[in-house]
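Read the structure below first, then the notes.
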Amino acid sequence: MQKINLYALRKNRKAIMEELQRLGVVQIEDMKLADSIFTKQNTAQSRRVFEKSSDTATQAADILNEYIPEKKSPLSMFEGRKTISVEDYYTFVDNNDEIMRVAYDINSLQKEISDKKADIIRLETQKESLSVWGNLDVSLRFPGTKKTKAFIGTVAGSMTEDEIRATLAQKLPEIDDYVVEVISTLPEQTCVFILAHNSVAEKLEKALRGLGFARPPLQPKQPPQERIAILDDRINQAKNDIENAEKQIKSYVGMRNALKFIADYYRMRRDKYEAIELLSQSKRTFILTGYVSSENSQALEKLLTEKYDAVVEIEEPDENEDVPVKLKNNGFSRACEGVLETYSMPSRHEIDPTPIMAFFYYILFGLMFSDAGYGIIMIIACGFALLKFKNMEESLRKNVKMFFFCGFTTTFWGLLFGSFFGDSVQSIATTFFHSDVSLPPLWFEPLTNPMPMLMFSFAVGIVHLFMGLGIAGYQDIKQKRYYDALCDVVFWYLLVGGLIVFFVTTDMFIGMSGLNFNLPSVVGTVAIICAAVGAVGILLTSGRDSKNPFKRLLKGLYGLYNVTGYLSDILSYSRLLALGLATGVIGTVFNKMASMLAGIDGGGIIGAILYILVFVVGHALNLGINALGAYVHTNRLQFVEFFGKFYDGGGRKFTPYKINTKNYKIKEDI
């Protein structure tokens, strides 16, 4: 990375900032000048406006998709954002006002639809509450005549006219100047119309309260049937309004791409104003400072100087400056950069471990998956995606390419161990051809001979760990910390390596591993001497940062105790055996299930169909589950065992000022 300082006229600020945003090669830093001439511009209000406009356009596009869904293929996630030219970009920008008018119109229409739907629910509720009064030919507000008073309402429970009269007669035996009509009956209530002479109205009202009498909450001026007809007209009108609004929304289908663009456009403007806030500006000039990769610095300097008459300074950062980190690897290693970024970016003075990590990553993943059939599927599927979708997002492309390479190692180890969809070759041959054909392993079969596989897993783990330790020594030597390299690397090589070699020469290891070779006893003697030298060295130097002899001794003992950590790390690689066996065993179980079903009709047509069905479904599940397991555990071996030996991380990722959009990307080359 190189540092860039840009000095330019303020009248060119807009054009320069848009140019830098499209190029996406400069990380802008906050420049703080102790000078009254240069100030900072507060862009918070403008950014809020742009954010709101972007949300408005996005909401309109989403509404349009609800009514006319955009046709997408099942593999659309691999297609990436559409690329548009700079000319198309400015064409959309010129129509900005018209596009936003459409966005506001769509959102307004959707609000109208929502309001109308709410009105329909309210009107339907009113209609339902009036339906029980359908036989009443007067308004629910009807008070009575000049000499009578009307009681329109409900009493509790289901009652007939005679039951109501009988109940009222018990309460008011001396009164009979009233008439009762039951309008409708429900299990929980009875709708009644009672008309009484004014002289008995007050006493009758008190008696009705004892029956739980209540007037209806909704009392329109019109009779119920007439009111229901009015409500039906309003409901139909609301439905027509909704239909018209939906048609109008659908008429904007041709604006879908424009709405997506304008949402991205305002996000870009928001980002631009966020970057502007980092600049130092005077009345007529502005200063920008940041970082640019060395591969782009000269071309960028030439472009800004010639096109905008700006003054550009490219310089090397100071030794202690917090410089962002940008990874640069070949295609084989670049695929694993996402794994490293998930953990942490390397600091400025660390090496990028991606190339070494990628080599081990592919090997370890293949060992855990270790089935040639699954590996071939990964190669075909990932290769197809890489060739078919040229516009795939870079982060996704890296992941797909990583699994593409993992497919090759999975196939390689599967052939060495004789696994092709489990024991499918033997299963198919036995079930349908009644022959004993199988795919022999090129090396050995872990299912029947797991101990060599366990020893091989430990050997791979030891190489992996020692490589991490070697990187730590390399970094110490590169920074001229030779004593640290001796104490923290060489002594551990002697101790751990010596103990491993000594253990290999013992009868216990030979009997346990089943290996047929014996190392000379002198090798074991030399190994234990090396281990002793390493142990003494660690004991004496682990506490070298402390001046107190007692503390140095305690730290030395603690450092020596960490040899158990190496034992734990080496044992962690037994997961290579465990996951490799799991893939093969589960695949073989599905093959066995398929062959059992195929035996129903002796391997006929029905049996073949059942076999294929179980085979496809079972192996699809096995592929998905064990591929996920291999991915997770490979990451763990890298993060914990490997990185733990040398990697501190903590670097700041290079995040250039660029077009961060959702739907479109505008790419300009310097």
Side-chain angles (χ1 to χ4, degrees), residues 1-33 38 83 86 89 268 271-282 285-331 333-334 337-338 340-341 345-355 393-395 397-398 478-479 649-661 665-670:
M1 302 302 299
Q2 292 182 306
K3 192 169 185 178
I4 179 173
N5 295 312
L6 169 68
Y7 309 90
L9 296 176
R10 190 161 179 173
K11 67 179 182 179
N12 294 329
R13 187 190 69 181
K14 179 178 183 296
I16 290 175
M17 295 301 291
E18 290 181 355
E19 186 92 42
L20 291 177
Q21 189 174 34
R22 290 196 303 272
L23 294 174
V25 296
V26 177
Q27 177 173 322
I28 300 176
E29 298 289 308
D30 189 4
M31 186 177 189
K32 298 177 181 178
L33 291 178
F38 289 92
T83 302
V86 178
Y89 168 86
M268 291 163 56
D271 293 343
K272 185 179 77 171
Y273 273 71
E274 188 174 1
I276 287 175
E277 199 167 282
L278 301 176
L279 308 180
S280 294
Q281 306 178 72
S282 66
T285 62
F286 74 93
I287 303 175
L288 177 150
T289 186
Y291 297 97
V292 60
S293 63
S294 56
E295 61 185 357
N296 295 321
S297 59
Q298 298 303 318
L300 180 64
E301 180 181 7
K302 180 180 179 181
L303 172 69
L304 296 175
T305 302
E306 294 179 355
K307 190 172 182 178
Y308 301 104
D309 198 24
V311 177
V312 180
E313 294 179 352
I314 304 293
E315 58 187 14
E316 294 298 324
D318 294 337
E319 182 66 22
N320 298 321
E321 195 169 341
D322 183 18
V323 179
V325 177
K326 180 181 179 181
L327 303 178
K328 183 179 180 180
N329 294 288
N330 58 34
S333 303
R334 191 182 303 118
E337 286 180 351
L340 181 69
E341 292 176 13
M345 294 292 286
S347 64
R348 179 182 177 185
H349 300 291
E350 283 185 307
I351 69 167
D352 177 9
T354 305
E393 295 297 326
E394 183 60 26
S395 58
R397 177 170 289 275
K398 287 181 180 179
K478 186 178 179 181
Q479 298 176 30
R652 185 161 61 107
K653 184 179 179 180
F654 177 64
T655 52
Y657 167 59
K658 62 180 181 178
I659 296 174
N660 293 310
T661 53
K665 57 183 177 183
I666 306 107
K667 183 64 176 176
E668 273 190 335
D669 295 326
I670 296 180

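Given the structure is predicted, the values throughout are model-derived calculations rather than measurements. Positions are given from 1, in the same order as the sequence printed here.
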Requested in this report: Begin from the C-alpha positions of E319 and H349 and carry the test side chain to side chain contact (heavy atoms under 4.5 Å, CB included) through to its verdict.
Outcome: CA-CA 10 Å; E319 182 66 22; H349 300 291; 3.1 Å; yes
Query raised in the report: Do K307 and K302 pass the side chain to side chain contact (heavy atoms under 4.5 Å, CB included) test, and can you show the C-alpha distance, the side-chain angles, and the key distance before you say yes or no?
Result: CA-CA 8 Å; K307 190 172 182 178; K302 180 180 179 181; over 6 Å; no
Query raised in the report: Which is it for E18 and M268 under the side chain to side chain contact (heavy atoms under 4.5 Å, CB included) test, yes or no, and what are the steps along the way?
Result: CA-CA 9 Å; E18 290 181 355; M268 291 163 56; over 6 Å; no
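Looking only at side-chain heavy atoms (C-beta outward), T285 and I287 stay at 4.5 Å or farther from each other. Here the side chains of K653 and K326 are not in contact, with every heavy-atom distance at 4.5 Å or above. In this structure the side chain of P346 never reaches within 4.5 angstrom of the side chain of I351, judged on heavy atoms. For the pair L20 and L300, the minimum side-chain heavy-atom distance is below 4.5 Å. A heavy-atom distance below 4.5 Å is not found between the side chains of S333 and D352.
Separating the CE atom in M345 from the CD atom in E350 is a distance of 11.0 Å, to the nearest 0.5 Å. Distance OG/S347 to CZ/R652: 13.0 Å, rounded to 0.5 Å. A distance of 5.0 Å separates OG1 in T354 from CG in N329, rounded to the nearest 0.5 Å. The distance from atom CG of N12 to atom CG of D309, rounded to the nearest 0.5 Å, is 8.0 Å. The CD1 atom of I28 sits 6.0 Å away from atom CG of L279, with the distance rounded to the nearest 0.5 Å. Distance CG/L303 to CD/E306: 8.0 Å, rounded to 0.5 Å.
The existence of a salt bridge linking R334 and E341 is excluded, since no basic side-chain nitrogen approaches an acidic carboxylate oxygen closer than 4.0 Å. Contact check on E393 versus K398 returns no salt bridge, with no Lys/Arg side-chain nitrogen under 4.0 Å from an Asp/Glu carboxylate oxygen.
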Distance-only donor-acceptor pairs under 3.5 Å for side chains of residues 654-661, two or more places apart:
| unit_1 | atom_1 | unit_2 | atom_2 | d |
| --- | --- | --- | --- | --- |
| Y657 | OH | M17 | O | 3.2 |
| T661 | OG1 | R81 | NH1 | 2.9 |
| T661 | OG1 | Y664 | O | 2.2 |

Scan the side chains in residues 1-11 for donor-acceptor partners under 3.5 Å anywhere in the protein, sequence neighbours excluded, and list what turns up.
| unit_1 | atom_1 | unit_2 | atom_2 | d |
| --- | --- | --- | --- | --- |
| Q2 | OE1 | S297 | OG | 2.7 |
| Q2 | NE2 | E316 | OE2 | 2.9 |
| K3 | NZ | E321 | OE2 | 3.3 |
| N5 | OD1 | T289 | OG1 | 2.8 |
| N5 | ND2 | E315 | OE2 | 3.4 |
| R10 | NE | Q281 | OE1 | 3.4 |
| R10 | NH1 | S282 | O | 2.9 |

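Side-chain contact annotation: E29 with Q27, donor-acceptor N/O pair under 3.5 Å present. Side-chain atoms of D271 and Q21 include no donor-acceptor pair closer than 3.5 Å.
Other residues, nucleotides and ligands contribute more than 12 heavy atoms inside 6.0 Å of the CG atom of N330.
A distance-only check finds a donor-acceptor pair linking the side chain of S280 to the backbone of M31 [under 3.5 Å].
Residue V25 comes nearest to V292 through the heavy atom pair O-CG2, 3.4 Å, listed as atom of the first residue, atom of the second, then distance. In this structure, N320 and R348 approach most closely via the heavy-atom pair N-NH1, 4.2 Å.
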